[in-house]
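Data block below; observations after.
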Amino acid sequence: MIIVLKPNTPREQIDEVIAEVAKLGYDPKPIFGTEQTVIAAIGDERTHHTLESLNVLPQVQQVMPVQRRYKLVSRESHPADSVVDVDGVKVGGSNFTVMAGPCSVEDEEQLLRTARAVKAAGATILRGGAYKPRTSPYEFQGLGKEGLRLLELAKRETGLKIVTEVLSERDVEHVAAAADILQIGARNAQNFQLLIEAARSGRPILLKRGLSQKIEEWLLSAEYIMANGNPNVMLCERGIRTFETFTRNTLDMGAAAAAKMESHLPVIVDPSQGCGVARLVRMLCRGAVAVGVDGLIIEVHPNPAEALSDGQQQVDFQAFRQLMEELPPFVAAAGRTMVR
Ligand code: PEP
Ligand code: MN
């Protein structure tokens, strides 16, 4: 930590802070400037008192951390891109991976038809919610265990890997038994107990960014997973709440780029939740590729008008096929290889 003192602090008040830093168990190293003095406090904060409390001293201007708070997630600790192995499908590095499927698993026919269509178009991972986090308790809540069974069936038939959301600690074990990737939804991005339980399952985790989560907070949520022994984390930018209502959320490409810069973990963009408008999905996919992310997760439905959730943002088979046909030159220009 660095403690910045107010300009022209008299020597005895500087010594007071130095003594306080030492009392809290750190080694104080003062640097005396012509007007301003800063004190570097050397020591491990995990085993010592926090120095934030020094902010209460009148001569202290600011107490600042030197290191990133997300240590394991940070590129500082691991400069090379991490590659997450999803039952043989590689996410990250030079790979570009497409995950696609319905918002919700609705029935066998809907899921299998979608699985076949997204596979034929080039996706390698099938998405589909069996447990749905709905804003209203009167909306479709997902098929639960039956949905997981259908996802397993789709995997057996097509070979696609499965990503599906886990809503509660209670469900981690049986969702992990059916899924290749556990999705932590935006609404649970700071449900730390769920993050810990999901981490312990050993499954790769797709961590959505919270609805109003700052980038640092999102990376700290990923840190919870890594600190609990699971290095296989993928960060997913899915839009945030802003003043804008034309789009459902504001897809934050800046955050996707920042996550790539700050962290070695693969970054996935979800243009579907990201804007909530089916006709915009195609353009946002290209934008995400250009920003340099590692993959996309896209909602696809056989008949979006009849979908039980998120109908307005799901693309149909034809739109998905077209989008996938247009993507390879963009992926190549970004220096990636589309995983097939
Ligand atoms: C979803 O993927 O359907 C979903 C609910 O995502 P999010 O948590 O990002 O809203
Ligand atoms: Mn959805």
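Counting convention: from 1, in listed order, for ligands and their atoms alike. Owing to the predicted nature of the structure, the values given are computational and were not obtained by experimental measurement.
- Nearest non-hydrogen protein atom to atom 8 (O) of ligand 1 is A186 N, 2.7 Å.
- Summary of contacts: the protein heavy atom closest to atom 2 (O) of ligand 1 is R127 NH1, 2.8 Å.
- Pairing each heavy atom of V267 with each of A256, the nearest pair is CG1-O, 4.1 Å.
- Ligand 1 lies within reach of C103, whose nearest heavy atom is under 4.0 Å from it.
- The protein atom (non-hydrogen) at minimum distance from atom 1 (C) of ligand 1 is Q273 NE2, 3.3 Å.
- For the pairing with E157, the salt bridge (Lys or Arg N to Asp or Glu O under 4.0 Å) check across R113, R116, K119 returns one residue only, R116.
- Polar contact check, E165 against ligand 1: no nitrogen or oxygen pair lies under 3.5 Å apart.
- Polar contact with ligand 1: present for K132 (N/O pair, distance under 3.5 Å).
- The Mn ion (ligand 2) has C103 SG, E299 OE2, D310 OD2 as protein N, O or S atoms under 2.8 Å away.
- At a 4.0 Å cut-off, at least one heavy atom of Q183 sits close enough to ligand 1 to count as contact.
- Heavy atoms from other residues, nucleotides or ligands lying under 6.0 Å from OH of Y224 number 12 at most.
- Just one of L323, L280, V269 meets the side-chain contact (heavy atoms from CB on, under 4.5 Å) condition when paired with C285; it is L323.
- Contact between Q314 and C103 at its shortest, heavy atoms only, is OE1-N, 3.1 Å.
- The heavy-atom pair separating I297 from P271 by the smallest distance is O-CD, 3.3 Å.
- Atom CZ of R340 and atom CG of N95 lie 13.5 Å apart (nearest 0.5 Å).
- Of all protein heavy atoms, the one closest to atom 6 (O) of ligand 1 is K208 NZ, 3.0 Å.
- Taking hydrophobic clusters as Ile, Leu, Val, Met, Phe, Trp and Tyr residues chained together by side-chain heavy-atom distances below 4.5 Å, L112 does not share a cluster with V163.
- Residue G185 approaches ligand 1 through these ligand atoms, each under 4.0 Å from one of its heavy atoms: 8 (O).
- For ligand 1, the atoms closer than 4.0 angstrom to any heavy atom of R238 are 7 (P), 9 (O), 10 (O).
- Those atoms of ligand 1 with a heavy atom of E299 less than 4.0 angstrom away are 1 (C), 3 (O).
- Here the closest non-hydrogen pair linking M324 and P328 is O-CD, 3.1 Å.
- The one candidate from R248, R209, R238, K208 that meets the salt bridge (Lys or Arg N to Asp or Glu O under 4.0 Å) condition with D270 is K208.
- For Q318, the CD atom is loosely surrounded, since the number of other residues' heavy atoms within 6.0 Å does not exceed 12.
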